[in-house]
2 protein chains.
Amino acid sequence: MTKAALPTRSRIIETGTNLLSTSGLSGITLGTLAERTGMSKSGLFAHFGSKEEVQLSLLEHTAQIAAEHVVAPAMRAAEGLPRLKALFRNWLGWTARAGLAGGCPIAAGIFELDDTEGPVREQLLQMEKSWRALLAQHVAQAVDLGHLRRDLDIEQFVWELCGIYLSHHAFLRFVRDPRADKRARIAFDALLGRALPKDAKKKKKAALRRIR
Amino acid sequence: MTKAALPTRSRIIETGTNLLSTSGLSGITLGTLAERTGMSKSGLFAHFGSKEEVQLSLLEHTAQIAAEHVVAPAMRAAEGLPRLKALFRNWLGWTARAGLAGGCPIAAGIFELDDTEGPVREQLLQMEKSWRALLAQHVAQAVDLGHLRRDLDIEQFVWELCGIYLSHHAFLRFVRDPRADKRARIAFDALLGRALPKDAKKKKKAALRRIR
DNA sequence: GTATAGTACGACCGGTCGTGCTATTCTTTG
DNA sequence: CAAAGAATAGCACGACCGGTCGTACTATAC
């Protein structure tokens with residue numbers, strides 16, 4: 001059976017995901033992947049039918065460890081706004097916490113595959129969409145619980161959230177600016193400020209006035 | 001002299017920039033570039049000393065046509081806020097207007113080269129920084145002219161502007177969502193709303209009240 | 001005890017990569 | 001018209017690409 005094959009295959013995929021995060025999808029070659037896994041190219045190839053299959057498996061595994069390190073721990077936070085905040089906090093720089101050496105393969109793929117066609121693009125697109133849907137779902141929950149204003153444009157909120165993530169990624173990993181975290185936090189707070197119910201704003205203002 | 005060489009060289013670079021925008025830096029190969037330019041690989045190679053030189057020249061040309069299509073036309077707008085708005089408007093989707101078939105090579109490169117080292121990364125980093133500096137300069141001018149609030153965190157403003165651009169790029173080119181422009185405009189207006197002087201806000205509110 | 005299926009290997013396929021070196025063609029100039 | 005020089009092509013190289021082949025070893029099934 002494939003019982004004995006699984007450890008090897010997952011070892012390949014683990015090594016490969018690391019390579020993916022540092023070198024991007026185009027940086028994945030059977031040769032380098034085999035070398036880093038410590039096996040022959042053909043031996044590695046036998047576990048997948050094609051290079052495309054390798055790429056798809058790597059993306060799938062990426063989604064899985066992202067869910068593990070971003071979504072799962074956020075579920076311990078209370079529903080609504082606290083969970084949304086935790087989700088966003090875990091999102092920023094999740095790859096390092098997941099043990100990946102490089103950046104976010106999904107973000108990189110978005111800019112790498114925007115003019116290509118094929119199954120790899122399709123899979124990445126689906127991953128991106130379901131991630132955005134998950135974000136939207138938790139925003140909606142925060143609205144339902146009265147944590148965010150009832151007339152909030154949820155799609156717009158998520159859209160801007162993605163912008164903060166991308167800018168954070170660019171500044172953290174490319175520019176290597178240590179202030180990336182701070183910038184993202186400020187932007188997130190401002191975005192949240194627009195999304196809070198009106199009475200919550202008044203409360204905050206009142207609290208601020210009391211401090212002064 | 002190189003007088004006769006320049007047309008050929010710039011023809012190569014023009015073709016190459018198009019290839020760059022669709023395939024990214026790693027998609028640039030001497031073979032395909034030579035094929036598309038209609039000349040031999042070695043003949044093309046003679047114009048540059050190395051592939052790296054090709055990449056650097058392509059990035060340089062990218063910066064040049066970006067300045068042509070984004071910055072230059074914005075300079076016709078009045079100084080301060082109007083110019084900043086024009087700058088942002090021209091920034092979004094500038095590659096199409098510049099005749100490029102693909103996305104923004106700079107944005108793509110930021111996510112492609114974040115874990116590499118070398119001159120290409122250095123050049124891209126410098127391009128990114130000077131672009132951000134140019135944005136900051138025009139924001140500062142808007143502050144000086146009283147169009148934006150005096151205590152505005154300019155770096156933060158530019159940082160969030162970059163986020164909007166990246167999210168717009170991702171949604172326009174990867175997700176291929178036609179609402180990308182609308183989302184970016186809303187986000188920009190909201191960012192601007194936080195940056196306006198307090199009296200300007202009151203004026204806007206009063207105007208709004210008058211309409212109702 | 002033997003047949004079978006899974007796993008891995010090394011050798012090798014046609015092609016493309018970047019990059020040299022040499023010849024040829026074209027343009028300019030004397 | 002000839003000499004000079006620049007521009008391009010031709011060709012070969014070693015490395016690597018994705019992928020296939022035949023072949024061993026191993027563990028289970030019959």
Side-chain angles (χ1 to χ4, degrees), chain A residues 1-20 22-61 109 112-113 116-121 123, chain B residues 1-20 22-61 109 112-113 116-121 123:
Chain A
M1 273 302 173
T2 46
K3 269 180 187 173
L6 272 174
T8 305
R9 195 189 146 104
S10 51
R11 199 163 48 91
I12 297 172
I13 288 184
E14 227 154 287
T15 311
T17 309
N18 232 303
L19 183 61
L20 174 64
T22 55
S23 316
L25 276 162
S26 69
I28 300 287
T29 73
L30 298 180
T32 54
L33 187 48
E35 190 186 354
R36 296 211 189 179
T37 322
M39 60 191 299
S40 73
K41 216 169 55 161
S42 53
L44 183 144
F45 188 75
H47 286 269
F48 312 85
S50 65
K51 183 190 173 177
E52 190 177 89
E53 196 57 50
V54 175
Q55 294 178 320
L56 292 173
S57 304
L58 292 182
L59 283 179
E60 190 189 337
H61 184 245
E112 190 178 349
L113 301 184
T116 67
E117 301 299 333
V120 181
R121 182 189 203 281
Q123 164 138 354
Chain B
M1 271 302 170
T2 46
K3 268 181 187 174
L6 272 173
T8 304
R9 194 189 146 103
S10 51
R11 198 161 49 89
I12 297 172
I13 288 185
E14 226 154 287
T15 310
T17 308
N18 232 302
L19 183 61
L20 174 65
T22 55
S23 316
L25 275 162
S26 69
I28 299 287
T29 71
L30 299 180
T32 54
L33 187 49
E35 190 186 354
R36 297 210 188 177
T37 322
M39 60 190 300
S40 75
K41 217 167 58 158
S42 55
L44 183 145
F45 187 74
H47 285 270
F48 313 84
S50 65
K51 183 190 173 176
E52 190 176 271
E53 196 58 49
V54 176
Q55 293 178 320
L56 292 173
S57 304
L58 292 182
L59 283 179
E60 190 190 336
H61 184 244
E112 190 178 349
L113 301 184
T116 67
E117 302 298 334
V120 180
R121 182 189 204 280
Q123 164 140 353

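None of these values were measured; they are calculated from a predicted model. All values below come from the heavy atoms of this structure, side chains included, with hydrogens, waters and symmetry mates left out. Each chain gets a letter, A, B and so on, in the order the sequences are listed, and its residues count up from 1.
Rounded to the nearest 0.5 Å, atoms NZ (A:K41) and CG (A:L33) are 11.5 Å apart.
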B:L20 and B:H61: CA distance, side-chain angles, deciding distance, side chain to side chain contact (heavy atoms under 4.5 Å, CB included) verdict: CA-CA 11 Å; B:L20 174 65; B:H61 184 244; over 6 Å; no
Derivation and outcome, side chain to side chain contact (heavy atoms under 4.5 Å, CB included), residues A:Q123 and A:Q55: CA-CA 10 Å; A:Q123 164 138 354; A:Q55 294 178 320; over 6 Å; no
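For A:H47, the listed nucleotide lying nearest its side chain is C:dT7; candidates were D:dT8, C:dT7, C:dG10.
Distance, B:E35 CD to D:dA9 C1': 16 Å, rounded to whole Å. The interatomic distance linking B:M39 (CE) with C:dT25 (P) rounds to 16 Å, in whole Å. In this structure, the CD atom of B:E53 is 15 Å from the C1' atom of C:dT19, given to the nearest Å. For B:F48 and D:dA7, the CZ to P distance is 13 Å, given to the nearest whole Å.
Counting non-hydrogen atoms under 4.0 angstrom, A:A46 reaches nothing in the nucleic acid.
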Per-nucleotide protein contact string for nucleotides 16-21 of chain D, where B marks a base within reach and S marks sugar-phosphate only (heavy atoms under 4.0 Å, - for neither): -SBBBB
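Residues satisfying the side-chain contact (heavy atoms from CB on, under 4.5 Å) criterion with A:S26, sequence neighbours excluded, are A:E112, B:S26. Residues meeting the side-chain contact (heavy atoms from CB on, under 4.5 Å) test with B:S57, sequence neighbours left out: B:R9, B:I13, B:F48, B:E53.
Side chain of B:R11 to main chain of B:T37: a donor-acceptor pair is present (N/O by atom type, distance under 3.5 Å, no hydrogens or angles).
Between B:T8 and D:dT8, a side-chain N or O to OP1/OP2 separation shorter than 4.0 Å is present.
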